[in-house]
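Only one structure is covered here, and it is reproduced in the block below.
Letters A, B, ... are given to chains in the order of the sequence lines, protein chains preceding strands, and every chain is numbered from 1.
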Amino acid sequence: MMWQIKVLTKLELANMFSLNVLRHTKDKKARKNGIALGIIIGLLMVMVIAYVGALCYGYIKLGAGEIVPAYIVFMSSIFALVFCAFKAGKIIFKDNCYDILTSMPIRKTSLVISRYIRLYMEGLVVSCLIMIPGIVVYGIMVKPGLPATMLGIISVVMVPIIPIALSVLLGVIITGISSRMRNKALFETIFVVIIVVAVFSISALIPTEDLEGFDLQAMEGIARKLIDMLYKIYPPTIWFGQAMVEGSLLRFAMGMVVSIVILVIVISITVMNFEKINRGLHTNTAKHNYRLGELENKTIMRALVSREAKRYFSSGTYVTNTIIGPVMAVIFAVSLFFVDMSDVIKDLPITININAAIPVLFAGILGMNMPIATSISMEGKEFWIIRTLPISAREYLKGKLRFNIGLIAPFFLVGELIMIIALKPSVLELLWMIALPVAIIMCILVVGLAVNLRFPKLKWDSEVEVVKQSASGMIGGLGGFLIALVAAIPLVFVTDSYFGMVSCVEFLVIVLITILLNEKNNKFDMKNLE
Amino acid sequence: MLKITNLTKCYKGSDKGVHRLNMHIEKGDIYAFIGHNGAGKTTTLKCVTGIHDFDEGEIIIDGINIRENPLECKRRFAYIPDNPDLYEYLTGIQYLNFIADIFQVGAKERRDKIEKYADAFEITESLGDLISTYSHGMKQKLAIISALVHEPKLLILDEPFVGLDPKAAVILKDMMREICANKGAVFFSTHVLDVAEKLCNKVAIIKDGRLLASGNMADIVKNGQSLEDIFMEAIDDVAD
């Protein structure tokens with residue numbers, strides 16, 4: 001079995017992040033996209049390393065160095081879980097080559113383990129990015145000794161095991177239930193939305209009263225309370241974290257044993273259900289009872305929008321990864337009833353008008369990971385149909401814009417209504433509270449299209465490659481929020497008397513950029529999309 | 001109906017492509033395009049259908065230049081690729097309705113056409129099912145129906161007989177003849193030389209992106225030889 005795992009793992013890892021394709025392709029555009037993606041990932045990595053390093057430095061300087069190991073283990077686990085949770089099912093039960101692999105004398109266990117290793121490697125990258133800068137800063141400043149540092153370094157390898165196993169378990173549950181359903185995408189979407197809302201609700205319920213009365217002089221006490229809190233939420237945080245503080249082999253062994261036991265249990269559950277779930281996924285139900293009745297004709301635009309909607313709602317991966325932004329935006333609006341934003345920023349050394357930026361930030365959250373940024377890539381191998389149909393780029397892109405506007409409109413309206421009730425704006429504020437987010441969202445949509453036109457990925461095996469790992473997916477995911485952030489900065493620094501003028505200028509600039517970019521998109525030659 | 005003049009399309013970093021290709025397909029023609037794998041058949045078809053741009057030459061469809069007015073050209077032809085990747089998230093009838101909407105085919109007209117062709121191919125009862133449940137042959141049949149639903153003047157097909165059952169192949173051939181009888185034209189690539197010889201009135205042989213022979217089938221296939229003999233001779237001559 002070991003050689004099977006070795007061969008299959010090699011196969012899995014060969015094309016992780018499409019590296020093998022990039023290595024061998026002669027297609028300049030594919031290389032250009034790969035380089036763009038590499039630069040984005042590189043920048044993100046540098047940002048994460050700098051952020052973690054600075055944060056750990058800050059904790060140690062404030063006298064709360066004890067929290068650093070537990071903190072980096074906790075953050076590493078959470079990020080690995082979030083990074084892999086919504087794609088684990090797709091990786092474990094991916095359907096390309098299913099027929100070929102199952103017709104060969106390969107054990108299910110080998111297949112499952114090789115795919116787990118692929119996910120684990122992604123978790124390990126996350127773990128290295130978060131933990132290594134923390135360990136380096138902690139090692140240099142606190143000097144915990146060689147045994148503790150060694151245990152910390154080994155922990156980097158151990159920490160992703162549980163979060164990835166939990167991701168796989170979640171993937172097995174979601175895929176297992178949805179494989180029995182006719183509308184798999186709808187079930188996956190509802191499940192993920194429930195999980196997101198549940199996570200936010202649970203985090204809101206975590207008692208924080210012990211931490212109130214934040215006093216920089218009492219950081220050591222607060223660090224102790226934080227460690228206790230993290231232990232209650234996720235005990236391995238403390239087993240691995242304290243092993244780094246105390247050099248405690250016992251705590252480390254505890255973490256390692258629990259990790260391996262959880263891994264074995266999850267692998268066993270996955271292997272036991274692997275064939276059944278795959279059978280459900282690969283068995284198509286066809287009724288063969290259609291009777292041709294009266295047919296209705298639509299306008300070209302209605303036909304394009306309707307097709308766009310059917311494409312979107314047919315894919316659980318697509319929906320679950322792109323609906324989070326709008327759901328979070330509504331949660332953000334609701335949170336305004338419970339959190340006074342001016343309280344949050346009262347300790348800042350500068351005075352800012354955070355309330356002025358709330359509608360703009362709402363638009364930014366709403367525009368995170370918009371489906372439009374990957375909608376051209378999602379056409380995949382079926383793009384020949386659009387290319388040979390008598391429709392212009394303008395009509396085709398307009399169809400995508402209209403669908404996306406229709407998709408986020410309900411979230412926007414609900415969020416706006418909640419914000420209006422919560423913030424009680426004046427007439428002028430109300431005007432900009434609606435106009436600015438509308439302009440920003442339109443800008444995000446047009447920018448998303450522009451990004452996907454320039455970084456298309458039409459050749460893919462799994463939708464995950466497009467939605468989560470492509471250049472346009474990443475730029476589109478973050479770009480929306482960055483646009484809103486840039487728009488928010490001038491608003492928070494202006495006084496009330498200049499608020500209207502600054503809002504007006506911002507609105508006009510955003511609208512102008514949107515119109516010009518949209519015109520440029522419409523003139524794009526679709527033959528250049530490869 | 002279709003005039004290709006000096007068509008040249010080169011792929012960057014490769015010597016593959018087509019070089020100074022000239023072809024003329026007239027109304028009423030059923031034109032076979034034959035050649036071995038990688039000869040340049042699909043490249044030519046993709047240039048004609050506007051999927052690929054080309055480096056030199058001119059492509060005129062029904063008097064309209066594909067470069068100058070691609071949308072008008074696309075209204076006049078229908079294309080079926082060798083591997084019909086269709087929208088698997090749609091049902092068969094939804095896909096046909098989508099294509100009919102894009103070509104603005106009226107409700108009654110589309111219903112009549114879908115009924116006629118779907119019944120002929122015996123897939124009417126499957127039209128309510130998702131395309132993802134279709135076999136390769138069923139997808140091929142659906143692609144053919146979608147191509148015929150808007151009555152194209154020019155039908156362009158890449159390896160149309162692959163995956164079709166014998167009965168469907170016969171129906172497709174009848175449909176091709178019907179298009180030509182109605183002053184349309186059919187241009188298709190194939191490896192099935194028997195079919196090409198019996199069905200087509202014109203043929204072109206391509207090798208390494210260059211046209212070896214083209215013209216009336218009767219002028220090319222003569223002296224008791226088959227198209228297969230001519231094809232083998234033509235490509236061997238070049239190799240020598």
Heavy-atom contact with chain A under 4.5 Å, split by part of [X]:
| X | result |
| --- | --- |
| B:Leu90 | side chain |
| B:Asn97 | side chain |
| B:Asp101 | both |
| B:Leu86 | both |
| B:Gln94 | side chain |

Using a 4.5 angstrom heavy-atom cutoff, name the option from [options] with the most pairs to chain A.
| options | result |
| --- | --- |
| B:Glu72, B:His150, B:Lys46, B:Glu125 | B:Glu125 |
| B:Pro81, B:Ala78, B:Ala118, B:Gly92 | B:Pro81 |
| B:Cys73, B:Ser126, B:Ser146, B:Pro70 | B:Ser126 |
| B:Ile123, B:Thr49, B:Leu96, B:Leu127 | B:Leu127 |

- Query: Which answer fits A:Ser306, side chain, backbone, both or neither, if we ask what part of it has an atom under 4.5 Å from a heavy atom of chain B?
  - Reply: neither

- Message: Need one label for A:Arg291: side chain, backbone, both or neither, based on atoms under 4.5 Å from any heavy atom in chain B.
- Response: neither

- Distance from A:Ser315 atom OG to B:Glu88 atom CD, nearest 0.5 Å? 12.5 Å

- Message: For chain B, which candidate among A:Glu395, A:Glu382, A:Glu296, A:Lys310 shows the most heavy-atom pairs at distances under 4.5 Å?
- Response: A:Glu382

- Greatest number of heavy atom pairs closer than 4.5 Å to chain B - which of A:Thr299, A:Asn289, A:Ile385, A:Ile386: A:Ile385

Verify the neighbour count for atom [atom1] of [X]: are there more than 12 heavy atoms of other residues, nucleotides or ligands below 6.0 Å?
| X | atom1 | result |
| --- | --- | --- |
| B:Glu26 | CD | yes |
| B:Lys113 | NZ | yes |
| B:Arg20 | CZ | no |
| B:Glu58 | CD | yes |
| B:Lys9 | NZ | yes |

Does the side chain of [X] reach to within under 4.5 Å of the side chain of [Y], using non-hydrogen atoms?
| X | Y | value |
| --- | --- | --- |
| B:Tyr87 | A:Glu379 | yes |
| B:Ile51 | A:Thr388 | yes |
| B:Gln104 | A:Ile300 | yes |
| A:Leu389 | B:Ile99 | yes |
| B:Ile93 | A:Leu295 | yes |
| A:Tyr290 | B:Thr91 | no |

Identify the heavy atoms of [X] and [Y] that sit nearest to each other, and give their distance.
| X | Y | value |
| --- | --- | --- |
| B:Ile102 | A:Pro390 | CG2-CD, 3.9 Å |
| A:Gly293 | B:Arg111 | O-NE, 3.0 Å |
| B:Tyr79 | A:Trp384 | O-CZ3, 3.6 Å |

- Message: Between A:Asn297 (side chain only) and B:Gly106 (backbone N and O only), is there a donor and an acceptor less than 3.5 Å apart?
- Response: no

